[in-house]
S.K.: 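My structure is below; once you've seen it, I'll send some questions.
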Amino acid sequence: MSLLEVRNLTHSFIDKTLYENAFFDLYKGEHMGIVGQNGSGKSTLLKILLEEIIPDKGSVKWQSDIQIGHLDQYAEINENDTISEYLITAFTDLFELEKRMNKLYQESAVTGENDLLRQAAEYQEQLEASDFYSLDSRIHKIVYGLGINSIGINRTIQGLSGGQRAKVILAKLLLEKPEVLLLDEPTNFLDKEHIEWLSNYLMVFDGAFIVVSHDYDLLEKIATCICDIEFGTIKKYHGKYSDFLRQKGHLRKDYIRQFHAQQKKIEKTEEYIRRNIAGVNSRIAQGRRKQLERMERITPPEFIHQPSIRFRELPLSTQKVLSVDDLEVGYDSSLLPKINFSVLGGQKLVITGFNGVGKSTLLKTLVRHIPAISGEFRFGEQIKIGYYEQDLAWENEVMTPIEIISEQFPKLSIKEVRHQLAQCGLKDTNVSQAIHTLSGGEQSKVKLCCLLLSPCNFLILDEPTNHLDSEAKKALQFALVQFSGSILLVSHEEKFYREWVDDVLNISKTR
């Protein structure tokens with residue numbers, strides 16, 4: 001029996017059909033990955049499964065009394081709690097059971113009633129079966145696995161960054177061990193070693209899970225099946241991610257062949273009808289028209305326009321483009337000891353370090369979005385910075401991508417703006433929607449478009465691959481390889497940068 005049944009699922013967003021009459025099942029112990037292009041409806045699907053969104057048609061049926069755990073990065077929690085106090089709430093039911101057990105033992109000692117003693121013993125067996133007496137080791141394992149120990153478990157939730165907060169919420173979710181996990185891009189706020197730990201954890205997770213991810217290495221390792229959202233439907237493939245790619249390649253070619261064959265048949269039939277509708281063969285033509293009307297049309301294969309990313313480079317003649325001397329960064333206090341490094345002209349440098357160490361804060365300091373606490377940094381003459389910030393925040397969330405680009409680059413015609421957005425892989429149907437209604441990947445492509453239209457010779461990029469689908473990642477990677485200026489990159493995806501960067505600066509090791 002399946003844990004989840006999705007039947008005849010149909011849902012549209014504005015004027016776009018995300019899925020039509022889609023169906024799939026999730027079985028006990030099944031590890032499912034959800035994939036699809038940016039804007040295909042992956043996150044929307046999870047919200048439908050959680051009943052946060054009501055679909056236009058169809059049904060979503062979970063097995064009764066099943067425990068579902070959802071990674072909600074914006075969950076309301078007591079900001080005054082320490083990390084330790086928050087994590088221990090994962091076991092509130094067990095602590096309540098312990099209290100009842102101790103009370104029964106005390107009462108039985110006074111009254112001598114065997115029934116009370118038997119009930120207390122049953123509670124103790126339940127606690128032992130739930131590994132209650134090894135909670136500390138369970139918490140320790142997950143705290144170290146996700147790198148929360150480096151944050152400090154006695155820090156309050158209020159003082160955490162967005163990524164740290166999400167990591168702590170994930171830790172509590174894993175400690176609760178629900179029967180089904182629903183995770184939306186869980187690696188976006190994790191570093192390489194913590195992604196490795198999470199993938200190993202999920203591989204042996206004995207429950208079922210559904211994971212939306214653009215991290216295809218993760219999916220290859222953890223998934224036993226893949227649900228692909230494409231052509232307005234959801235198709236389930238069994239096997240690893242690489243098995244899915246092979247199967248999809250064959251099916252896509254067959255789909256395109258069937259579509260074109262049907263189009264030729266339609267054109268031939270329409271031509272026959274035009275030539276004969278008023279002639280001696282009018283009855284035959286009318287019959288063929290009715291056949292055409294009843295024909296179930298194959299949805300056109302709307303493949304995403306392959307992104308074509310190219311930075312507008314300015315000349316770079318300076319030998320040393322950035323010098324950082326005894327720089328301390330942070331807000332109320334320094335996050336790191338004094339930092340010293342330099343970047344040469346044309347050098348491509350990656351900054352790594354555990355989540356929350358201060359990588360984004362360092363970049364924000366260098367682009368003067370926040371002041372330095374002490375020390376100094378100097379850019380070379382004629383340096384023009386192109387900065388990509390990972391946060392998807394907009395001054396006006398109801399503006400459309402066309403309006404955003406047009407406001408920043410008023411000399412561009414609407415036709416040119418549409419072309420530039422298309423070059424970044426954004427569908428024409430999305431460029432006139434309010435920016436807040438777009439998926440994270442689509443919003444990232446708008447931000448990328450702004451960067452590409454800004455001439456520069458020094459790129460400072462903070463997690464630019466977060467949310468991007470595989471085509472956009474490949475295009476961005478190629479553009480960065482071709483870029484002849486200097487690059488300062490923060491990224492948790494080693495596979496994205498390891499073949500082309502010149503050096504790696506791990507700022508965690510400056511502690």
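Because only heavy atoms are used, hydrogens play no part in the values below, and waters and symmetry mates are left out as well, while side chains stay in.
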S.K.: For residues 90-104, please give each side-chain donor-acceptor pair under 3.5 Å, one per line with the distance, not counting sequence neighbours.
M.R.:
{"from": "Thr92", "atom 1": "OG1", "to": "Thr89", "atom 2": "O", "distance (Å)": "2.9"}
{"from": "Asn102", "atom 1": "ND2", "to": "Glu98", "atom 2": "O", "distance (Å)": "3.4"}

S.K.: Looking only at heavy atoms, which two atoms of Ile210 and Ile34 are closest? And how far apart?
M.R.: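 That would be CG2-CG1, 3.5 Å.
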
S.K.: Classify the angle between the aromatic ring planes of Phe209 and Phe205 as parallel (below 30°), tilted (30 to 60°) or perpendicular (above 60°).
M.R.: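 Tilted: the ring planes of Phe209 and Phe205 meet at 30° to 60°.
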
S.K.: Would you say the side chains of Gln443 and Trp394 form a donor-acceptor pair under 3.5 Å?
M.R.: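 Per modelled atom types, Gln443 and Trp394 side chains form a pair under 3.5 Å.
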
S.K.: I want to check something: taking the side chain as every heavy atom from C-beta on, are Leu9 and Leu45 in contact at a cut-off of under 4.5 Å?
M.R.: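 Yes. Closest side-chain heavy atoms under 4.5 Å.
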
S.K.: Nearest heavy-atom pair of Asp184 and Ser43: which atoms, and what distance?
M.R.: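 Shortest heavy-atom contact: OD2-OG, 2.7 Å.
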
S.K.: Which heavy atom in Thr82 sits nearest to a heavy atom in Asn154, and how many Å separate them?
M.R.: CG2-O, 3.5 Å

S.K.: How close do Asn340 and Asp326 get, counting heavy atoms only, and between which atoms?
M.R.: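 Scanning both residues completely, I find the closest heavy atoms to be OD1-N, 2.7 Å.
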
S.K.: Using ring-ring contact (aromatic ring centres under 6.0 Å, His included) as the criterion, list what pairs up with His11, not counting sequence neighbours.
M.R.: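 If we apply the ring-ring contact (aromatic ring centres under 6.0 Å, His included) test to His11, skipping adjacent residues, there are no hits.
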
S.K.: Taking only residues two or more places apart in sequence, or in another chain, which ones meet Glu376 in a side-chain contact (heavy atoms from CB on, under 4.5 Å)?
M.R.: Asp325, Arg378

S.K.: Can a cation-pi geometry be assigned to Lys141 and Tyr144, taking NZ or CZ under 6.0 Å from the six-membered ring centre and within 45° of the ring axis?
M.R.: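 No.
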
S.K.: With sequence neighbours left out, write down each residue that passes side-chain contact (heavy atoms from CB on, under 4.5 Å) with Ala472, or none if nothing qualifies.
M.R.: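 Ala472: side-chain contact (heavy atoms from CB on, under 4.5 Å) contacts with Pro307, Lys445, Leu468, Asp469.
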
S.K.: For Gln67, which residues count as a side-chain contact (heavy atoms from CB on, under 4.5 Å) partner, sequence neighbours excluded?
M.R.: Pro178, Glu179

S.K.: Apply the test salt bridge (Lys or Arg N to Asp or Glu O under 4.0 Å) to residues Lys248 and Glu230: give CA-CA distance (whole Å), side-chain angles for both, the deciding distance (0.1 Å), then the verdict.
M.R.: CA-CA 11 Å; Lys248 180 177 177 177; Glu230 192 178 45; 3.5 Å; yes

S.K.: So, using side-chain hydrogen bond (donor to acceptor under 3.5 Å, both in side chains) as the criterion, who are the partners of Asp243 when residues are at least two apart?
M.R.: Arg246

S.K.: Consider only side-chain N and O atoms of Thr17 and Glu20, and report whether a donor and an acceptor are under 3.5 Å apart.
M.R.: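 Thr17 vs Glu20: no donor-acceptor pair found between side chains.
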
S.K.: Write down the atom of Leu71, the atom of Leu183, and the distance for their closest heavy-atom approach.
M.R.: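 Result for this residue pair: CB-CD2, 3.7 Å.
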
S.K.: Any pair with a residue in residues 198-212 that passes side-chain hydrogen bond (donor to acceptor under 3.5 Å, both in side chains), sequence neighbours left out, goes on the list, sorted by first then second residue, please.
M.R.: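 Counting only pairs at least two positions apart or across chains, the side-chain hydrogen bond (donor to acceptor under 3.5 Å, both in side chains) contacts touching residues 198-212 are Asn200-Lys221.
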
S.K.: With no hydrogens and no angle check, is any side-chain donor or acceptor of Thr187 less than 3.5 Å from a backbone partner on Leu190?
M.R.: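 Answer holds: no.
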
S.K.: Are side-chain heavy atoms of Val6 and Leu49 found at a separation under 4.5 Å?
M.R.: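 A side-chain contact under 4.5 Å exists here.
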
S.K.: Students often mix this up, so state it plainly: with edges at 30° and 60°, are the rings of Tyr241 and Phe244 parallel, tilted or perpendicular?
M.R.: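 Geometry flag for Phe244 against Tyr241: tilted rings.
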
S.K.: Would you say the side chain of Lys177 lies within less than 4.5 Å of the side chain of Arg138, judging by non-hydrogen atoms?
M.R.: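 The answer is yes; the side chains approach within 4.5 Å.
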
S.K.: With a 3.5 Å cut-off and no angle check, do the side chains of Ser360 and Gln390 form a donor-acceptor pair?
M.R.: yes

S.K.: To the nearest 0.5 Å, how far apart are CG in Leu181 and CE in Met32?
M.R.: 13.5 Å

S.K.: If you measure only the distance, is there a donor-acceptor pair under 3.5 Å linking the side chains of Thr224 and Glu30?
M.R.: no

S.K.: Hydrogens and angles aside, do Glu185 and His467 bring a side-chain donor and acceptor to less than 3.5 Å of each other?
M.R.: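 Distance-only check fails for Glu185 and His467.
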
S.K.: Anything under 3.5 Å between a donor and an acceptor, one on a side chain of residues 365-372, the other on a protein residue two or more places apart or in another chain? List them.
M.R.:
{"from": "Thr365", "atom 1": "OG1", "to": "Thr361", "atom 2": "O", "distance (Å)": "2.8"}

S.K.: Quick one: are Ile460 and Tyr388 in side-chain contact, heavy atoms under 4.5 Å?
M.R.: no

S.K.: Could you tell me whether Lys172 and Glu176 make a salt bridge, using a distance below 4.0 angstrom between a side-chain N and a carboxylate O?
M.R.: yes

S.K.: With rounding to the nearest 0.5 angstrom, report the NE2 to CE distance, His436 to Met399.
M.R.: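 These two atoms lie 12.5 Å from each other.
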
S.K.: In terms of side-chain geometry, is the basic nitrogen of Asp391 or Lys364 positioned less than 4.0 Å from the acidic oxygen of its partner?
M.R.: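 A salt bridge is present here (some side-chain N lies under 4.0 Å from a carboxylate O).
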
S.K.: Of all residues at least two apart in sequence or in a different chain, which pass the side-chain hydrogen bond (donor to acceptor under 3.5 Å, both in side chains) check with Arg7?
M.R.: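 With neighbours one apart ignored, the set is Asp25.
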
S.K.: Sequence neighbours excluded, which residues qualify as side-chain hydrogen bond (donor to acceptor under 3.5 Å, both in side chains) partners of Tyr133?
M.R.: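 Residues passing side-chain hydrogen bond (donor to acceptor under 3.5 Å, both in side chains) with Tyr133: none at all.
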
S.K.: Which heavy-atom pair separates Leu392 from Ser444 by the least distance, and what is that distance?
M.R.: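 Here Leu392 and Ser444 meet closest at CD2-OG, 3.8 Å.
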
S.K.: Hey, could you give me each pair passing salt bridge (Lys or Arg N to Asp or Glu O under 4.0 Å) that has a residue in residues 77-91? Not counting sequence neighbours.
M.R.: Glu79-Arg165

S.K.: Enter the distance from Thr10:OG1 to Asn21:CG here, rounded to the nearest 0.5 Å.
M.R.: 4.0 Å

S.K.: Using modelled atom types and a 3.5 Å cut-off, is there a donor and acceptor pairing between side-chain atoms of Gln164 and backbone atoms of Ile151?
M.R.: no

S.K.: Can you tell if the side chain of Phe23 reaches within under 4.5 Å of the side chain of Thr233, non-hydrogen atoms only?
M.R.: no

S.K.: side-chain hydrogen bond (donor to acceptor under 3.5 Å, both in side chains) with Thr465: which residues, sequence neighbours excluded?
M.R.: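 By the side-chain hydrogen bond (donor to acceptor under 3.5 Å, both in side chains) rule, Thr465 matches Glu493.
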
S.K.: Is the closest side-chain heavy-atom distance between Thr400 and Ile435 below 4.5 Å?
M.R.: no

S.K.: Are Gln433 and Glu442 close enough that a side-chain donor and a side-chain acceptor fall under 3.5 Å?
M.R.: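 Absent: no donor and acceptor within the cut-off.
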
S.K.: Would you mind reporting whether Lys236 and Ile226 have side-chain heavy atoms less than 4.5 Å apart?
M.R.: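 No, every pair of side-chain atoms sits at 4.5 Å or beyond.
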
S.K.: Could you tell me whether the side chains of His492 and Glu463 share a donor-acceptor contact shorter than 3.5 Å?
M.R.: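 Yes, Glu463 and His492 have a side-chain donor paired with an acceptor closer than 3.5 Å.
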
S.K.: Does Lys473 count as lying over the ring of Phe496, i.e. NZ or CZ under 6.0 Å from the six-ring centre, within 45 degrees of the axis?
M.R.: no

S.K.: As an exercise, state the distance from CD of Glu220 to CG of Asp215, rounded to the nearest 0.5 Å.
M.R.: 11.5 Å

S.K.: Can you check whether Leu459 reaches Leu451 side chain to side chain, under 4.5 Å on heavy atoms?
M.R.: yes

S.K.: With rounding to the nearest 0.5 Å, note down the distance linking CZ in Phe13 to CG in Leu438.
M.R.: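 It comes to 7.5 Å.
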
